[in-house]
Amino acid sequence: MDGGVGCGQPDGACRWEARADLVVVGTGVAGLTAALRARELGMNVLVVTKDAVDGGNTRWAQGGVAVVLGDVPGDSVDRHVADTLAAGGGLCDTDATAAIIGDGPAAVGRLRDRGARFDPGADGGPARTREGGHTAFRVVHAGGDATGVEVERALLAASRDGRVPMLEHHVAVDTLRTPAGDVAGLLVLDGSGVPGVLTAPAVLLATGGLGQLYQATTNPAVATADGVAIALRSGAPVADLEFVQFHPTVLYTGEGARGRCPLVTEAVRGEGAVLVDSTGERVTAGVHPLGDLAPRDVVSAAITRRLASLGEDHVFLDATHLDAPTFQRRFPTVLAACLAVGVDPSRTPIPVSPAAHFSCGGVVTTVDGRTAVPGLYAAGEVARTGLHGANRLASNSLLEGLVVGTRAAEAVAADLALGVLAEPRLAACPPVPVVPVADRDTLQRVMSRYAGIGRDAEGLAVVGSVLDVSAVDRPLATRELVEDAALTLAARALIAAAASRTESRGCHVRDDFPGVDPEWARSLTVRLTPSGQPMLDRPAVLTRGAA
Ligand code: SIN
């Protein structure tokens, strides 16, 4: 490898080195948006992904982008902010929420300038739908229910002018750090497990979520909490990890579903579908003033309670008021998934049950993507900006990726100009870390059983013990080990926070503490001890504007 970086690898193991101003990890909406903005600002940017460039979570987003463009009578940015705060259960940061949502219209405008096409409405402007927790029709969508595919297509097309190099099939293992602890590059493994270093004064984590902590999830196989683990090991705190959002309507494909399960977008309810149980009773009757379009945490918890009382494992989404041509035009992805399991949704209610969908928490960042560690930035689902609080408002995540991706690139440019980032030559190339790795199947089983909707102290302790007993120290020498180690660390951090939060709020539902406790209107942050144990920060972060 090139000189300059002290290499902790055994002789010759660190085979290669590449340099950039900014290394972006991940090719979802936040990562690609940041990379494109960084190029516009004249930076040398390198994007690295452990999979193919289109292997991330963005393409699976169905519903759309929540944004106020000024053409819906009665809607306003303030109203969108109010809906976000209401859904967030008292834990959103009001300033961050106002900043991100206020930037939404410009961010969507830039995306359209980059070629994204949203479905037109009757007046020729973008069509709108509604999802849970929204008090207005404000969600723009593409390809009916294929918004993520269109967002990804547009961003990848804009990146393919050769000015945004992309390193596929390289997994990020750890950051390079200077003696002062600043981040100045990344240790990666190629597809054969050969280590290499990417040196840069700035690293942006845009690695997506952690749905693979659970047996059934809407997330693809890449959603293994990699960024959370890298940030923790780099010294950055994470927060709100106990708030894992379960999507209420995931297609039920039979007992024991595993891995990525097909989503049935909330927009189907936005177009009038209702949830019923096996007796034909409405599931959300009397639960919330917004009924079937209550915030997602409320609907998922209502389904879970109904299933427990009936001793069943799925309810039904009745969308039979939509005829087949409407389904084909408006929800082609949902239609195809239903038909694949023998359900014609225009004739038969769709069997659905909740599954892990979105991490409301993550690496603590400002709205500009800055973490507590100089040189380390995060954007998208991996980051906790304070927008989502205890329960994300539907379709706010693509919006957040667009806004914070842009702002993070601008923050890196500003920090470079100010000279506050480390000189990469000062960074040491770390040895491949040796850290606890639990068996993934065991981890997913206990997380699903004890750390989903409906937790208690005893169950959370079981998860902790199982992880303690099953985890074995392993060198992170392959992508699979990197992922399993990240899941292990993220599960431990999540369990620590969930066990401490002795109340129910948003997506965190404790059977032994069923009520909201005003004392807990604050976020919990977790850091790593020097010996690598996740530890809660005390005092917890107070949330500005918390209810
Ligand atoms: C959906 O379409 O229901 C999911 C959208 C989201 O998670 O925001």
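Order of appearance sets the numbers: ligands from 1, and atoms from 1 within every ligand. Note that the coordinates shown come from a computational prediction; the quantities given were computed from them, not determined experimentally.
- Not counting sequence neighbours, H141 has no partner by the ring-ring contact (aromatic ring centres under 6.0 Å, His included) test.
- Of all protein heavy atoms, the one lying nearest to atom 2 (O) of ligand 1 is T265 OG1, 2.6 Å.
- Each of the following atoms of ligand 1 lies closer than 4.0 Å to a heavy atom of S395: 6 (C), 8 (O).
- A donor-acceptor contact closer than 3.5 angstrom is absent between the side chains of T49 and D51.
- Note: no N/O pair closer than 3.5 Å links N396 and ligand 1 by distance alone.
- Close approach of ligand 1 to A394 is summarised as follows: ligand atoms under 4.0 Å from at least one heavy atom of the residue are 8 (O).
- Between R269, R296, H141, it is R296 that holds the heavy atom closest to atom 4 (C) of ligand 1.
- In the vicinity of G63, heavy-atom distances shorter than 4.0 Å reach the ligand 1 atoms 1 (C), 2 (O).
- The closest approach between any non-hydrogen atom of H247 and ligand 1 is below 4.0 Å.
- Between the side chain of T371 and the backbone N or O of L376 there is at least one donor-acceptor pair closer than 3.5 Å.
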Stepwise side chain to side chain donor-acceptor pair (under 3.5 Å) test for H388 and Q245: CA-CA 10 Å; H388 307 311; Q245 185 173 73; over 6 Å; no

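- Counting only heavy atoms from C-beta outward, the side chains of R128 and V140 approach each other to under 4.5 Å.
- Of all the atoms in ligand 1, the ones that sit under 4.0 Å from a non-hydrogen atom of H357 are 4 (C), 6 (C), 7 (O).
- Annotation for R384 and S523: closest pair NH2-OG, 2.9 Å, computed over non-hydrogen atoms.
- A cation-pi arrangement is present between R260 and W60 under the rule of less than 6.0 angstrom and at most 45 degrees off the ring axis.
- Near E266, the atoms of ligand 1 lying under 4.0 angstrom from a non-hydrogen atom of the residue are 1 (C), 2 (O), 3 (O).
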